[in-house]
Amino acid sequence: MADDLSAVGRFLYEAGTLKQTRRTGWWMAGVRDPESVAEHSWRASLIASVVAKLEGADPARAAFLAVWHDTQETRTGDVNHVGKKYAPAGDPQAVTADQTAGMPEALASTIRELVAEYEGGESPEAVCARDADKLECMLQGIEYKAQGYGNAQRWIDNSRARIATETGRRLADELLEQGTLDWLRTTLGEKEV
């Protein structure tokens, strides 16, 4: 008999709330409508696959880790670093255990293992996924700064300083050298400004 998927269905609805959950740290930089946790996690997953491939790690596993790295924020919200000083966010592994309760065990155990691996930060894929989280924050900061949010420089600098892999550091340096629309100019064959 097939496993009951009602808990999975509920989680999928729950996961959808991350599309409306804003990354709150950007409010301190003056960003009125910052990206959502879902938007952040999507690009972090892409970055994780790139960094992992170039580092010789498993890109699919790194992307898989990055997809799940902030899913707990459906229940805790996105607590920024200042907020964590006063009200620490729930333990990601404990939140994940609650989120996966009632799911088919093969699925629930896989999700719990992914979150534990990411939080442990020791496997090559977890290191790459964690770097991707920092790179995505740095990249978002560069984009916000280009939109006139000068205070985003703090997030750019802090994120860059926390990158661990050689590929991640090289990619960060490259991103800092490029303009946010250089990709478009190159695609259109325009000359550099």
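Listed for the S45 side chain is a donor-acceptor partner under 3.5 Å among the backbone atoms of V67. Remark: the backbone N or O of V95 is not paired with any side-chain donor or acceptor of D98 at under 3.5 angstrom.
In terms of hydrophobic clustering, with Ile, Leu, Val, Met, Phe, Trp and Tyr side chains grouped at heavy-atom distances under 4.5 Å, L65 and L107 are assigned to a common cluster. Residues V51 and L175 share a hydrophobic cluster, clusters being chains of Ile/Leu/Val/Met/Phe/Trp/Tyr side chains in contact below 4.5 Å. A single hydrophobic cluster is not seen to contain both L46 and L135; linkage of ILVMFWY side chains at heavy-atom distances under 4.5 Å, directly or through other members, places them apart. I163 and I156 fall within a single hydrophobic cluster, where Ile, Leu, Val, Met, Phe, Trp and Tyr side chains are chained together by heavy-atom contacts under 4.5 Å.
Side chain to side chain, E119 and Q93 fail the donor-acceptor criterion of an N or O pair below 3.5 Å. Inspection of the Q178 and E174 side chains reveals an N or O donor paired with an N or O acceptor under 3.5 Å. Checked by atom type, the side-chain pair S36/E39 shows a donor-acceptor distance below 3.5 Å. Under the 3.5 Å distance criterion, with hydrogens and angles disregarded, a donor-acceptor pair is assigned to the side chains of T74 and E14. A donor-acceptor contact under 3.5 angstrom links the side chains of D131 and T165, judged on distance only.
Atom CD of E122 has 12 or fewer heavy atoms from other residues, nucleotides or ligands within 6.0 Å. Heavy atoms from other residues, nucleotides or ligands lying under 6.0 Å from NZ of K85 number 12 at most. Applying the 6.0 Å contact sphere to CZ of R169 captures more than 12 heavy atoms from other residues, nucleotides or ligands. Within a 6.0 Å sphere centred on CZ of R75, heavy atoms belonging to other residues, nucleotides or ligands number more than 12. More than 12 non-hydrogen atoms from other residues, nucleotides or ligands lie less than 6.0 angstrom from CZ of R112. By the neighbour-count criterion of 12 heavy atoms within 6.0 Å, atom CD of Q20 is densely surrounded, having more than that number from other residues, nucleotides or ligands.
Going from atom CD of E73 over to atom OG1 of T24 covers 8.0 Å, rounded to the nearest 0.5 Å. Distance CG/L184 to CG/L188: 4.5 Å, rounded to 0.5 Å. How far CD1 of I47 is from CG of D133: 9.0 Å, rounded to the nearest 0.5 Å. Note: W68 CH2 to I111 CD1 = 3.5 Å, rounded to the nearest 0.5 Å.
Of the candidates R22, E35, E136, Q140, H40 forms a side-chain hydrogen bond (donor to acceptor under 3.5 Å, both in side chains) with just one, namely E136.
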Inset, instruction - Output, in order, the C-alpha distance, side-chain angles, deciding distance and verdict of side-chain hydrogen bond (donor to acceptor under 3.5 Å, both in side chains) for E55 and T167. - result: CA-CA 6 Å; E55 283 288 311; T167 299; 2.6 Å; yes
Inset, instruction - Begin with the C-alpha distance, continue with both residues' side-chain angles, and end with the deciding distance and a verdict on salt bridge (Lys or Arg N to Asp or Glu O under 4.0 Å) for D182 and R185. - result: CA-CA 5 Å; D182 285 357; R185 289 183 190 95; 3.2 Å; yes
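Scanning all heavy atoms of the two residues, the minimum distance from A132 to A44 falls at CB-O, 3.3 Å. Pairing each heavy atom of A7 with each of M103, the nearest pair is CB-N, 3.7 Å. The heavy-atom pair separating Q99 from T71 by the smallest distance is NE2-O, 3.1 Å.
Residue pairs meeting the ring-ring contact (aromatic ring centres under 6.0 Å, His included) criterion with at least one partner in residues 15-35, sequence neighbours excluded, are W26-Y144, W26-W155.
Between E143 and R43 there is a salt bridge, since at least one side-chain N of the basic residue sits less than 4.0 Å from a carboxylate O of the acidic one.
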